[in-house]
2 protein chains.
Amino acid sequence: MDTTQRTDQQRSADRRRRELLEAADRVVLRDGPQASMNAIAAEAGITKPILYRHFGDKGGLYAALAKRHTDALLDSLRAALDAPAERRERVEATLDTYLAAIEARPQVYRFLMHPAEGGTAAEQGFDVGKHSAPLLRRMGEELAQVIEDRLDLGPESQQLARVWGHGIVGMMHAAGDWWLGERPCSRAELVRCLADLLWGRLAAAGDRVGGPGF
Amino acid sequence: MDTTQRTDQQRSADRRRRELLEAADRVVLRDGPQASMNAIAAEAGITKPILYRHFGDKGGLYAALAKRHTDALLDSLRAALDAPAERRERVEATLDTYLAAIEARPQVYRFLMHPAEGGTAAEQGFDVGKHSAPLLRRMGEELAQVIEDRLDLGPESQQLARVWGHGIVGMMHAAGDWWLGERPCSRAELVRCLADLLWGRLAAAGDRVGGPGF
DNA sequence: GACTGGTGTTACCGCTAGTAACACGTATGT
DNA sequence: ACATACGTGTTACTAGCGGTAACACCAGTC
């Protein structure tokens, strides 16, 4: 059991794992989030127990799969968030990056937003509400960190930043989801509307004639 | 087949349907969104085929169940939205109403946010992204209508209102979900933070020393 | 009394996630 | 050279799911 052999094995296992993940990716892209383990195994040219040896259970495979895409998307978002430009431009660029991603690959995005599922009887924690997709949480935390690092929000800075991070991400997600289903306008228009909302146009708008206003 | 008898039968069927829905409610509240049809039938004291005769399939039962809670929650939200007060107060009241609801019954809320699932091979439309929970969509449309009715937003009023409706609902949902899982602050504080976000504090905040600002 | 319609059952189908048990190749220790 | 251990792969299975077909019972009606 010398070191070189162990690394060899590990390398082989890692390569195998990547191949399996790519096969799973193709199936999920084709069949949606409810792709079966049988289908994934068949696509990879092997049988189920191998998948289970590599990933434990379906949740493990899905987590590994989600991590790849989540990391990639988060990298794009960070890039847009870090670009050298005015705050408004940067916010719009980030929104546009996210919307472009979900527009380009709706199946992947749909998969990422899907909660864990826990088929038979595992991982059930009903008493709390933490069912949201990991991607949303990670994006929220990431954005919160950026906000807290860069904005001066007074004494309650941290709390405000975290609430805003998750809130803005949720706004982006829900609006994007609705937009993807109905396509009521162009992406650029959607970006502008959302940025306007974040820029306080809701509070600044005048009441409509005849009513007390929202 | 005279009218009175048909009404009698219909009444009986309706009562039965309500009983079944209440049983399903109890099971979902106990087991979460993945409650099985067997469990629900057992809770109602009957067997599966009866459930299927009443609701068609699992999606039908879940849709009926969701409609009850969704209608109830939307009524509460409408009440908060229509209260006689300033705009900011009303926004805060609406946010608080939603958060209080999900805080009081997280399982129900979790169930409502769950997408349709389509067990075996039904209702699969992967090419579009319309997987979101009906509750989110309905709340978004409802809020959009209120915004459009009451605010003067210029020529692009309708589009802005719809984007904002879905965006604000998504913000509320994501922030509420995160808050419910981590409980980082009181409900009132969360409400204030979110209202501040909607009131443009993000755009108004100053840059932190040493960086160009978000 | 035969007939019809609603309510209920049992027993099944095909599918899923997940696993146990077995077979093959290969490198190693004695 | 041979036995041993190990990783890789298979087949065949379990338990449970959503959903359904076929049958039983019990009312009211012609």
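Proteins come first, then strands; the chains are lettered A, B, ... in the order of their sequence lines, and each starts at number 1.
With sequence neighbours excluded, the residues that form a salt bridge (Lys or Arg N to Asp or Glu O under 4.0 Å) with Asp71(B) are Lys67(B), Arg138(B).
Between the CG atom of Asn38(B) and the P atom of dG16(D) there is a distance of 10 Å, rounded to whole Å. As a whole-Å value, the separation of Leu61(A) CG from dT16(C) P is 15 Å. Look at CE on Met37(B): it is 17 Å from C1' on dT16(C), rounded to the nearest Å. When the C1' atom of dG19(D) is taken as reference, atom CZ of Phe55(B) falls 16 Å away, rounded to whole Å. Straight-line distance from the CG atom of Asp57(B) to the C1' atom of dT20(D): 13 Å, rounded to whole Å. The nearest whole Å value for the distance from the CD1 atom in Ile40(A) to the C1' atom in dT16(C) is 13 Å. With rounding to whole Å, Tyr62(A) atom OH is found 11 Å from dA17(C) atom C1'. Separating the NZ atom of Lys58(A) from the C1' atom of dC15(C) is a distance of 12 Å, rounded to the nearest angstrom.
In terms of polar N and O atoms assigned as donor or acceptor, the side chain of Arg53(A) never comes within less than 3.5 Å of the base of dG18(C) in a complementary pairing.
Counting only residues at least two apart or on different chains, the salt bridge (charged side-chain N to carboxylate O under 4.0 Å, His left out) pairs with a member in residues 32-52 of chain B are Arg26(B)-Glu43(B), Arg30(B)-Glu43(B).
Using the six-membered ring where Trp is involved, His166(A) and Trp178(B) have ring planes that are parallel, under 30° apart on the 30 and 60° scheme.
The environment of CD in Glu182(A) is crowded: more than 12 heavy-atom neighbours from other residues, nucleotides or ligands sit within 6.0 Å. A 6.0 Å sphere centred on CZ of Arg187(A) holds more than 12 heavy atoms belonging to other residues, nucleotides or ligands.
In this structure, Arg183(B) satisfies the cation-pi test against Trp179(B), with its NZ or CZ atom closer than 6.0 Å to the six-membered ring centre and inside 45 degrees of the ring normal.
Remark: Lys48(B), Pro49(B), Tyr52(B) in residues 45-52 of chain B come within less than 4.0 Å of DNA chain D through at least one heavy atom.
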